[in-house]
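Note on naming: letters A, B, ... go to the chains in the order of the sequence lines (proteins, then strands), and numbering restarts at 1 for each one. Scope of the values below: all heavy atoms of this structure, side chains included, with no hydrogens, waters or symmetry mates.
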Number of protein chains: 2
Amino acid sequence: MKNAPDLSAQIAKSIRDAIVSGDLPVDERLPSEAELSEQFDVSRSTVREALKRLAAQSLIRTQRGATGGAFVNRLTFQDAYGQQITTSALLLSMNEVDFVTACEARFALERACAPLSAQRRTADHLATMRAEITRQSQPGLSDESFCASDVAFHRALVDGAGNPVLSYQLAGAVEAIEPLMNMITFTARSRDHIVAMHTRIADALEASDAEIVDKLLAELADYTAELGQSVASASAK
Amino acid sequence: MKNAPDLSAQIAKSIRDAIVSGDLPVDERLPSEAELSEQFDVSRSTVREALKRLAAQSLIRTQRGATGGAFVNRLTFQDAYGQQITTSALLLSMNEVDFVTACEARFALERACAPLSAQRRTADHLATMRAEITRQSQPGLSDESFCASDVAFHRALVDGAGNPVLSYQLAGAVEAIEPLMNMITFTARSRDHIVAMHTRIADALEASDAEIVDKLLAELADYTAELGQSVASASAK
DNA sequence: GACAATTAAATGTCTGACAAATGAAAAATG
DNA sequence: CATTTTTCATTTGTCAGACATTTAATTGTC
């Protein structure tokens with residue numbers, strides 16, 4: 001049972017390793033496709049397939065023209081966010097992760113940010129949170145918009161920690177859960193309750209009271225899990 | 001300044017959207033390359049480049065032969081781990097994330113797992129942690145091996161929470177920091193200290209004492225940050 | 001029915017060609 | 001000489017067609 005991967009996969013791996021190891025620094029130009037095909041002794045199509053693999057991971061970017069070519073791409077947090085969110089969303093949907101598990105992960109991680117956010121959140125973060133609370137209070141809002149605003153609120157909380165690495169890690173957990181949340185029908189009463197909790201969380205962050213934020217997040221986690229479970233038991237009938 | 005992406009990128013996006021939206025379910029076979037090239041009205045090479053992009057993200061797998069083709073791949077947690085770790089490592093190295101920031105994120109996230117792990121860790125998790133502690137106590141161990149064992153120890157702690165979503169999110173934070181940790185030269189004294197802390201953490205987990213685990217992790221976070229900073233100030237000279 | 005050879009379908013790879021973009025050099029212009 | 005225009009070489013993007021390889025189903029043979 002031989003298991004030789006495709007040539008294009010091998011070549012992609014070879015170049016990827018060079019990038020990850022730092023052997024090919026950011027903005028370095030790779031040899032042209034023609035040169036690469038000579039170096040690896042394969043056709044240009046094979047090289048191109050390898051390069052497309054790397055491009056899909058945002059490891060390189062390509063430019064046409066005389067001074068063009070493939071360049072090692074600086075992976076931005078923005079790029080990474082996007083990838084993380086798609087991957088997380090697929091993980092949840094394809095592996096039938098139940099709502100409670102996803103919810104637990106999300107709030108556990110969010111609570112990890114809370115103390116830092118209580119300490120460092122700027123006026124901007126607070127303003128964003130207040131604005132989202134206002135949006136959430138609008139009567140005619142669709143469930144989807146309510147969820148989106150919920151995500152934006154929590155994003156602001158996470159970003160308030162002022163640690164881009166944390167924000168990146170949390171992006172997946174917070175945003176990937178949105179499709180699952182969208183399956184919940186929010187009653188007027190549950191919306192009121194959530195908005196009230198958000199307000200208290202924002203107040204506590206404004207007062208830099210990490211302990212209360214943590215307590216409120218724990219409460220909100222329980223409440224959200226309950227909402228999710230009532231949906232699950234209703235659809236199981 | 002027109003900004004039309006490549007055809008292969010467009011096609012990849014089209015198929016990716018179909019997968020993410022659930023329009024193409026797991027294990028569904030995509031049309032053959034020939035059929036796709038007809039549908040999208042492009043050449044087979046272009047279709048292939050699109051498929052390679054998707055393969056790079058583990059969204060599809062391909063099989064040769066009569067009943068072969070491209071199939072929608074179930075994204076496993078294992079696959080996602082790998083991608084997360086590479087991405088996180090690149091983010092840290094390419095954006096010159098300082099050790100303190102990375103360290104802060106890592107321990108904040110890890111502390112999020114601690115209460116759950118104290119409650120749910122199995123005997124297996126404890127055994128793994130004890131085994132790694134033993135390895136870390138070996139005198140002749142290289143710095144790299146010490147770091148690797150450190151990562152394994154913390155992985156076991158995180159996995160103890162029994163939430164695969166958490167484990168996935170944490171994989172990046174914990175493992176991507178390893179290269180940064182590798183730059184630290186661990187003195188015999190600092191190793192002893194870390195091993196002692198690990199032992200106390202394992203003890204607290206065995207006793208299901210979440211509070212003590214949290215306290216110890218906070219301490220370990222501070223200590224690790226100190227070690228990192230002393231390296232930074234030494235190399236700044 | 002069991003086994004072997006054939007066949008069909010699909011991906012993997014190669015070759016060669018042309019289109020399009022793009023910056024740099026060369027030429028024309030004032 | 002300075003500036004603008006033109007040409008040109010380089011490189012990626014796309015296409016068409018061919019052949020190799022793998023794999024399962026089909027067919028043929030005993």
Side-chain angles (χ1 to χ4, degrees), chain A residues 1-16 18-19 24-74 79, chain B residues 1-16 18-19 24-74 79:
Chain A
M1 166 165 164
K2 88 174 98 167
N3 213 354
D6 296 348
L7 283 179
S8 69
Q10 290 178 43
I11 293 169
K13 174 167 167 33
S14 168
I15 299 176
R16 178 163 40 239
I19 294 175
L24 287 172
V26 169
D27 291 335
E28 176 90 349
R29 182 178 174 283
L30 275 76
S32 73
E33 296 175 355
E35 287 172 301
L36 284 173
S37 64
E38 261 197 29
Q39 281 182 31
F40 287 103
D41 197 31
V42 296
S43 72
R44 205 186 132 209
S45 1
T46 303
V47 167
R48 280 183 62 78
E49 287 177 11
L51 292 180
K52 293 313 158 208
R53 294 178 118 107
L54 299 177
Q57 300 178 298
S58 306
L59 291 183
I60 60 169
R61 60 177 186 280
T62 53
Q63 245 183 349
R64 308 224 284 197
T67 59
F71 298 83
V72 177
N73 196 34
R74 159 163 279 123
D79 284 337
Chain B
M1 168 168 164
K2 87 175 97 168
N3 213 355
D6 296 348
L7 284 180
S8 69
Q10 290 178 44
I11 293 170
K13 173 167 167 33
S14 168
I15 299 176
R16 178 164 38 239
I19 295 176
L24 287 172
V26 168
D27 290 336
E28 178 89 349
R29 181 178 173 281
L30 273 71
S32 73
E33 295 174 355
E35 288 172 300
L36 285 173
S37 65
E38 261 198 28
Q39 281 182 30
F40 288 103
D41 198 31
V42 296
S43 72
R44 207 186 132 208
S45 352
T46 304
V47 167
R48 279 183 63 78
E49 287 177 11
L51 292 181
K52 293 313 158 204
R53 292 178 120 109
L54 299 176
Q57 299 177 300
S58 305
L59 292 184
I60 60 170
R61 60 178 186 281
T62 52
Q63 246 182 351
R64 312 222 301 198
T67 59
F71 298 83
V72 177
N73 196 33
R74 158 164 279 124
D79 285 337

Quiz item: Between A/Thr62 and D/dG13, is there a side-chain N or O to OP1/OP2 distance below 4.0 Å?
Solution: yes
Quiz item: So, A/Gln10 side chain and A/Pro5 main chain: donor-acceptor pair closer than 3.5 Å or not?
Solution: yes
Quiz prompt | Shortest side-chain distance from A/Ala66, nucleotide among C/dT22, C/dA10, D/dT11 | solution = C/dT22
Practice problem: Round to the nearest Å and state the distance from B/Phe71 atom CZ to D/dT23 atom C1'. | Solution: 12 Å
Exercise. Mind calculating the distance between CD (A/Glu35) and C1' (D/dT11) to the nearest angstrom?
Key: 10 Å
Exercise. Could you tell me the separation between the CG atom of A/Leu7 and the P atom of C/dT11, rounded to a whole number of Å?
Key: 17 Å
Quiz prompt | Nearest-Å distance for atom pair CD/C1', residues B/Glu33 and D/dG17 | solution = 15 Å
Exercise. Apply salt bridge (charged side-chain N to carboxylate O under 4.0 Å, His left out) to the pair B/Asp27 and B/Arg61, showing each step before the final yes or no.
Key: CA-CA 9 Å; B/Asp27 290 336; B/Arg61 60 178 186 281; 3.0 Å; yes
Self-check item: Of the listed nucleotides D/dG13, D/dT14, C/dT13, the one nearest the side chain of A/Asp6
Solution: C/dT13
Self-check item: Selection from D/dT14, C/dA20, D/dT21 that lies nearest to any side-chain heavy atom of B/Arg64
Solution: D/dT21
Quiz item: So which heavy atom on A/Ala9 is nearest to which on A/Arg53, and how close?
Solution: N-NH1, 3.7 Å
Practice problem: Tell me which of A/Gly69 and B/Gln63 sits closer to the 5' end of DNA chain D, going by the nucleotide each one is nearest to. | Solution: A/Gly69
Quiz item: Under the criterion salt bridge (charged side-chain N to carboxylate O under 4.0 Å, His left out), which of B/Glu38, B/Glu33, B/Glu35 is the partner of B/Arg44?
Solution: B/Glu33
Quiz item: Is the backbone N or O of B/Gly68 less than 3.5 Å from a side-chain atom of B/Arg29, with the two atoms forming a donor-acceptor pair by type?
Solution: yes
Exercise. Give me the residues of residues 36-61 of chain B where at least one heavy atom lies under 4.0 Å from an atom of DNA chain C, by number, or none.
Key: B/Arg44, B/Arg48, B/Lys52
Quiz item: Between A/Glu49 and A/Thr46, does any side-chain donor sit less than 3.5 Å from a side-chain acceptor?
Solution: no
